[in-house]
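Everything numeric in this text was worked out from a predicted model, so none of it was measured.
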Amino acid sequence: MGPQSTPDLSTPPSPLSLSTIAVVGLGTMGTGIAEVLTRAGREVIGIDTDETAARQAVATLEATTARAVARERITERERQDVLARFRTFTDLQAAADADLVIEVVPEDYELKRQVFAGLDAVVRADTILATGTNALSVTRLAADSQRPERVLGVHFFNPAPAMKLVEVVSSVLTAPTAVAAVTELARDLGKDPIAVGDRPGFVADGLLFGYLNQAAAMYEARYATREDIDAAMRLGCGLPMGPLALLDLIGVDTARTVLEAMYAESQDRLHAPAPILGQLAEAGLTGRKAGRGFYTYDAPGSGTAVPDAESPAAADELAAGRTVSSVGVAGSGTMASGIAEVFAKAGFKVVLAARSLEKAEKAKARIAKSLGRSVDKGRLTAEARDTTLASITPAGALEAFADVDLAVEAVAEDLAVKQELFRTLDKVCKPGAILATTTSSLPVVACARATSRPEDVIGMHFFNPAPAMKLVEVVRTVLTAGDVHATVRAVCAKVRKHPVDCGDRAGFIVNALLFPYLNNAIKMVEEHYASLDDIDAAMKLGGGYPMGPFELLDVVGLDVSLAIEKVLHAEFRDPGLAPAPLLEHLVAAGCLGRKTGRGFREYARR
């Protein structure tokens, strides 16, 4: 047995006193953590029972530091000092003199328990023991340890040298002094630590894996292709990777383990692993590391996807479409003017119709300002601006759409309003004209049934601001004709947008995956698990999101978000999709986000 003296935890050790740190498990994450520590001046004891893994860790550190020298980020002398601070061993006994031990062995509770039991027998009484788990119970590991007060979680994100976020996880047994010491160490390493309690997934993965699971289920249901799901989330939300590609990077088996742990605690169906995750894992198709998961890669460990049986063929552009040279846009708001600008810049003749000629002319003036800004920034010539504006004809009634080939409505998100508009379009538009709705949450088929030609009706969901956002969700109903679908995809290409195909169900791709994630973030705050600031920081720093969930909710508008949540809940009837009460309370109080000066945060009024 190890030393039995009681550690003095009344005074937190300084981060500098954690000078010798053992890392147990030298896979990708362990090696990355070792690099961060050695480059910050710590003596690092790398431990792995597999000698090959230990040698690979050394080789990796040699390679990364050599690149740093080549890029003049460190000197060769500094590189040699870093390498000298990293020693590898195959026995836990090597951790005897460590001030802190970080274990990052595979996500298996029994394996981790054995590691902690082995460490209990060799480390000093005051040594802090940290687990790198993101799925297993820190509390349970602590309770099974000889000194639970010194056990905590320290969750780095991959790749550890680049990712800023570190979640410092305390259980009800953890001494605050141990948390303080590790938090200060993380800051000293140049990381941004956030303090969280012990629940599967913590903050970042707790939100991320539910979203990834829903994407896997969406793909499994054949609602959309893997390419379209991934493109939709990259282009529609600004994410660095699509969810299915990210699952392949993380490891399908790892994702399933995390989700199993989350579901065991929450019993939320949104966390119940999609069956396809189990099927892929059981088949050994665990993602990049196996050379195949949702995608196929050119070699195990490679990030280069190669065509396979599911890859869309280049000549897959369906049947011949209809000719479109003139476009009608109905509406006078930001979305309508943005869509009109997109079509006009692409060379289409555009009729911009609103409830009055004055409103239509104001919308055209908004387009003129937008184009002017592009000229000022050198993105557009003055001649191109003038040509674009000349191709837009404002109108005060839908009768102006008599000769258009494609009519796109962008009016209020109210089904009765849209149905009335489609009844009018049915009367005024010529035979063969395509009628499109930009709805983000209403059933496209309900608009189609308001006409005598439902086969000509389709959804074209642009994203705001339309001139900047590359994505269009092309929503085909069970009644939409094949040549209408082909035409709209071709039109998207002409206006330089990326079309993704999806069926006519609530949320389509983007909102169906985005808003449950936002709703779960609100639930975290309701449960006092983490603060707004910590959750936003976690998703930006740990997930690469351009905005945190509460920043995004305030920009979108809490009333808009609540309406979408209600539509999703009504369609899918999943209790986990019920809008968070806090969201409903804020909307009832008139706190709608930036547009009212207060939402989840307060904003200065302009």
Side-chain angles (χ1 to χ4, degrees), residues 224-225 227-228 231-232 235-236 312 314-331 335-353 367 384 387-388 391-393 398 400-411 421-422 425 428-440 444 447-448 451 453-477 479-504 508-510:
T225 67
E227 287 83 3
D228 279 355
L235 300 175
D316 234 3
E317 279 304 315
L318 310 168
R322 304 178 187 180
T323 300
V324 176
S325 58
S326 58
V327 177
V329 179
M335 181 59 82
S337 58
I339 293 170
E341 178 182 332
V342 166
F343 279 110
K345 281 163 72 173
F348 291 90
K349 293 178 182 178
V350 177
V351 179
L352 179 55
I367 296 170
T387 301
T388 298
S391 67
I392 301 173
T393 303
L398 290 174
F401 286 2
D403 294 320
V404 301
D405 303 308
L406 167 65
V408 181
E409 70 78 16
V411 300
L421 185 144
F422 270 85
L425 291 177
V428 304
C429 290
K430 66 186 181 182
I434 295 171
L435 312 181
T437 172
T438 61
T439 183
S440 63
V444 176
C447 297
T451 74
R453 39 175 155 174
E455 68 278 2
D456 291 339
V457 178
I458 195 166
M460 289 184 74
H461 180 211
F462 287 80
F463 286 73
N464 204 18
M469 299 294 280
K470 291 290 188 185
L471 182 69
V472 176
E473 289 178 318
V474 178
V475 187
R476 186 176 185 175
T477 78
L479 302 173
T480 305
D483 65 337
V484 168
H485 177 228
T487 301
V488 167
R489 284 190 62 92
V491 166
C492 286
K494 287 181 183 176
V495 298
R496 296 188 172 184
K497 300 298 180 187
H498 185 107
V500 296
D501 288 328
C502 51
D504 184 20
F508 310 135
I509 297 174
V510 174

### Query
At what distance, to the nearest 0.5 angstrom, does CD1 of Ile509 lie from CG of Asp501?
8.0 Å
### Query
Does the side chain of Val488 come within less than 4.5 Å of Met460's, by heavy atoms?
yes
### Task
Specify the closest pair of heavy atoms between Val510 and Ala232, including all atoms of both residues, with the distance to one decimal.
CG2-O, 3.5 Å
### Query
Do you know which of Asp405, Asp483, Thr487 makes side-chain hydrogen bond (donor to acceptor under 3.5 Å, both in side chains) with Arg322?
Asp483
### Query
Do you know the tightest heavy-atom contact between Phe422 and Leu435?
CE2-CB, 3.7 Å
### Query
Between atom SG of Cys447 and atom CD1 of Ile458, what is the distance when rounded to the nearest 0.5 Å?
13.0 Å
## Note on the structure
d(Phe462 CZ, Ser440 OG) to nearest 0.5 Å is 13.5 Å
#### Entry: Validation row: Cys492, His498 side chains within 4.5 angstrom (heavy atoms)
no
## Note on the structure
Value for CG (Asp504) from OG1 (Thr437), rounded to nearest 0.5 Å, stands at 9.5 Å
### Message
In the structure I gave you, are the side-chain heavy atoms of Phe348 and Lys494 within less than 4.5 Å of one another anywhere?
### Response
yes
### Nearest non-hydrogen partners of Leu398 and Ala330, listed with the distance
CD2-CB, 3.8 Å
### Message
I need the minimum non-hydrogen distance between Phe401 and Val351, along with the two atoms involved.
### Response
CE1-O, 3.5 Å
### Message
Is there a side chain to side chain contact (heavy atoms under 4.5 Å, CB included) between Thr438 and Val408? Walk through the geometry before answering.
### Response
CA-CA 7 Å; Thr438 61; Val408 181; 3.5 Å; yes
### Message
With a 4.5 Å cut-off on side-chain heavy atoms, are Val404 and Val327 touching?
### Response
no
### Summary
For Lys497 and Val472, the nearest pair of non-hydrogen atoms, with its separation, is CB-CG2, 3.7 Å
### Side chains of Phe508 and Thr439 in contact at under 4.5 Å (non-hydrogen atoms)
yes
### Option from Thr480, Ile434, Val444 for which side chain to side chain contact (heavy atoms under 4.5 Å, CB included) with Val457 holds
Val444
### Task
Taking the side chain as every heavy atom from C-beta outward, state whether Val474 and Val500 have any pair of such atoms under 4.5 Å apart.
no
### Task
For residues Ile339 and Ala410, report the shortest heavy-atom separation together with the two atoms involved.
CD1-CB, 4.3 Å
### Task
Supply the atom-to-atom distance Glu341 CD to Ile367 CD1, rounded to the nearest 0.5 angstrom.
6.5 Å
### Message
Using a 3.5 Å distance criterion without hydrogens, assess whether the side chain of Glu409 forms a donor-acceptor pair with backbone atoms of Gly331.
### Response
no
### Message
Using 0.5 Å steps for rounding, measure from the CG atom of Asp403 to the NZ atom of Lys349.
### Response
10.0 Å
### Task
Take Arg453 and Cys429, measure what side chain to side chain contact (heavy atoms under 4.5 Å, CB included) needs, and give me the verdict at the end.
CA-CA 11 Å; Arg453 39 175 155 174; Cys429 290; 3.5 Å; yes
